[in-house]
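Reading through the structure tokens given below for one structure.
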Amino acid sequence: MPADANQHDVAVIGAGTAGLAAAVALARDGARVTLLERRPFVGGRAYSYLHPALGETIDSQHVVVGCCTNFLDLITQAGAADSIRWYDELCFLEPSTNGNPRQSWIKSGSLPAPAHNSLSFLRAPMLTLRDKARIAAGLAHFLRGCPATDQESFAAWLKRTRQTDRAIRHFWEPVVAGALNDVFERCSTKYAAKVFYESFLCSTEAGRLGIPAAPLSEFFQPVVDLAQSLGVDMRANASVEAITRTPDGRWKLKTRECEIESNAVILATGFRQTQALIQSLTAPGASPDPATQIPFDKFVAAPITTIHLWFDREVTDLDHAVLLDTRIQWMFAKSRIRRWEPARGSYLELVISASWPEIDMPREQILASALREVEPFFPRVREATLLKSAVLKEARATFSVVPGLDRYRPPQTTAYPGLYLAGDWTATEWPSTMEGAVRSGRLAAGEVLGNRTRFLAPETPATGLMRWLSRVS
């Protein structure tokens, strides 16, 4: 029987986006919540830290889109909605050796959805007419939403829909790599379809791009403040080493400093840490109960590598851009996003998604390669002085939405009464995103109360012709 949050304590392990979302939802409902985080900062994988050698705060850039309704609702509740910089257009850049990189802009126009991006798409020079025809035919597959199952790989889908090589390189690949952080063979068509449906078809609002205008841990501080104002007992540097059941059916959490008891526990942790904590429930020498087993071996982490560059002057007039025909997928001009004065120079972050090759590369090699690759896109780099640089490798930035994974993603409930799971890797119907994490936290909080969807925000509604097309079965 679910615990009654209005009468019983709830302990949430992990102060990432999932844990923060669960704690805020339960505390707003009147629960007494303890939130434990093993690190000194919040945000989970969406964090920032002060680089000790550079004296600069760096992070791996995370973005949101307008369809991330639960994430945006949480940020709005915390009074931090203004800390997101919104963009209604996307620039695709092709490299150039003559100092004039070609720009293709995808932006909303006056036509109703799903045609709201079509005029700019038809004018985009990065694609030929044949490329555009194949892309349009491919997007038509997603007009009614996502496939019902996740069995097909996106690589197979691209072949089945006869996508051209240039369409793949200049449209499908940069979007999928940036959103799902993986190669086509390891991405389910279901989740690729969700990206394209929400970002390009559903509505203008759903596809808007939002970029936090502050370092991520600072960005999440208002959520922490909200949680604490609601009475959440926040404890940083509190690593939970084991969880056990007490004879009276409560839960005991053991940290280095103390033991905490509660009636309900939400494990808002990554799949590896969750695995370790659940394994701590099995007595030494005893065989795990098959009914309680989660197939953790089916989950694979995917890496992201970011290169941080500080120059003595501005090197681009763009806030962000998709970079084509290079190893780097995205550029974020963080000095512009954060509205630096031009006299401070510029700060660029370059993102390499699905960066398995870079994980084992020396940082000096990654930096040298990135500097060579970025010049054809931003020629002013040649005249600028590089003041500082850093390379950040996130080996477990996301999880891979491989075909067939849905059957293994666990629900927020477990076989143990009073023990719940949260985290983007659990069953949310979303890929590995901050929205998926917040949804998981709210779903877990709902399960504590016996009403799974109690705290979920409504989806972004379809507009224009999509109001009828998306309902066609």
Side-chain angles (χ1 to χ4, degrees), residues 44-46 60-65 67-68 92 138 141-142 146-147 149-161 163 165 167-200 209 270-272 295-307 322-330 332 350-361 366 392-409 423-437 440:
R45 283 166 284 149
S60 181
Q61 184 65 67
H62 285 55
V63 302
V64 296
V65 283
C67 60
C68 297
F92 292 76
H141 286 236
F142 306 143
C146 306
T149 71
D150 71 334
Q151 296 297 315
E152 183 183 40
S153 74
F154 198 59
W157 183 90
L158 290 168
K159 183 177 181 180
R160 177 163 62 83
T161 58
Q163 297 301 313
D165 176 71
I168 291 171
R169 289 187 296 106
H170 284 192
F171 182 73
W172 301 110
E173 184 175 345
V175 175
V176 168
L180 300 182
N181 190 36
D182 222 324
V183 296
F184 295 144
E185 291 78 11
R186 297 175 54 79
C187 290
S188 163
T189 300
K190 173 182 176 178
Y191 291 105
K194 185 166 189 64
V195 171
F196 290 104
Y197 174 83
E198 299 287 359
S199 299
F200 294 95
L209 178 68
F271 54 85
R272 293 294 177 232
F296 290 102
D297 61 319
K298 301 296 183 181
F299 293 87
V300 179
I304 292 177
T305 298
T306 55
I307 300 96
V322 178
L323 307 187
L324 302 176
D325 299 320
T326 185
R327 185 73 183 108
I328 302 162
Q329 288 91 10
W330 282 83
F332 296 97
L350 311 176
V351 180
I352 304 175
S353 298
S355 61
W356 282 281
E358 284 75 15
I359 288 297
D360 296 323
M361 283 185 189
I366 296 172
L392 177 59
K393 299 180 183 182
E394 291 287 350
R396 297 181 178 180
T398 63
F399 71 91
S400 298
V401 284
V402 295
L405 185 66
D406 272 0
R407 63 181 292 192
Y408 303 112
R409 295 176 72 177
D424 60 357
W425 60 281
T426 62
T428 67
E429 289 295 308
W430 273 71
S432 185
T433 59
M434 292 191 295
E435 170 68 10
S440 75

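Along the sequence shown, residues are numbered consecutively beginning with 1. If you're wondering where the values come from, they're calculated on a predicted model, not measured in any experiment.
Aromatic pair F154/F184: ring centres closer than 6.0 Å. Ring centers of F200 and F171: under 6.0 Å apart, within the cut-off. Annotation: W425 is not in aromatic contact with F399 [ring centroid separation under 6.0 Å not met].
Put simply, the side chain of D182 does not reach to within 4.5 Å of the side chain of V401, judged on heavy atoms. Residues C67 and W430 have side chains in contact (heavy-atom distance under 4.5 Å, counting atoms from C-beta outward). The side-chain heavy atoms of I304 and V351, taken from C-beta on, include a pair separated by under 4.5 Å. Within the 4.5 Å cutoff, side-chain heavy atoms of R169 are placed close to those of D325. The shortest side-chain heavy-atom distance between V195 and V65 does not fall under the 4.5 Å cut-off.
Note that the OG atom of S353 and the CD atom of E394 stand 12.5 Å from one another [nearest 0.5 Å]. Annotation: the span from L180 atom CG to S400 atom OG amounts to 9.5 Å, rounded to 0.5 Å. Distance check: T306 OG1 to W330 CH2 gives 15.0 Å after rounding to the nearest 0.5 Å. Separation of atoms OG (S355) and CE (M361) is listed at 9.5 Å; rounding is to 0.5 Å. To the nearest 0.5 Å, atom CE of residue M434 and atom CG of residue D424 are 11.0 Å apart. Rounded to the nearest 0.5 Å, atoms CD (Q61) and CG (L392) are 11.5 Å apart.
Summarising the geometry of P303 relative to W356, their closest heavy-atom pair is CD-CE2, 3.3 Å, with the distance given to 0.1 Å. Taking each heavy atom of V176 and F196 in turn, the nearest pair found is CG2-CE1, 3.7 Å. The minimum heavy-atom distance between K393 and I359, with the atom names listed, is NZ-O, 3.0 Å. Summarising the geometry of T305 relative to E358, their closest heavy-atom pair is OG1-CB, 3.7 Å, with the distance given to 0.1 Å. When all heavy atoms of F92 and P174 are compared, the closest pair comes out as CE2-CG, 4.3 Å. The nearest pair of heavy atoms linking R396 to A301 is CG-CB, 3.7 Å.
Side chain to side chain, T428 and R409 meet the donor-acceptor criterion of an N or O pair below 3.5 Å. Under 3.5 Å, the side chains of T161 and Q163 contain a donor-acceptor pair of N or O atoms. With 3.5 Å as the limit, one finds no donor-acceptor pair spanning the side chains of S432 and T398.
By the neighbour-count criterion of 12 heavy atoms within 6.0 Å, atom CZ of R160 is densely surrounded, having more than that number from other residues, nucleotides or ligands. By the neighbour-count criterion of 12 heavy atoms within 6.0 Å, atom CZ of R407 is sparsely surrounded, having that number or fewer from other residues, nucleotides or ligands.
Side-chain N or O atoms of D150 include one that pairs as donor or acceptor with a backbone N or O of L405 at under 3.5 Å. Within the 3.5 Å criterion, the main-chain N or O of A302 finds a donor-acceptor partner in the side chain of N181. Proximity of a side-chain donor or acceptor of K194 to a complementary backbone N or O of C146 within less than 3.5 Å is not detected. Using modelled atom types, one side-chain atom of T189 and one backbone atom of E152 make a donor-acceptor pair closer than 3.5 Å. Distance alone, capped at 3.5 Å, places no donor-acceptor pair between the T426 side chain and the S440 backbone.
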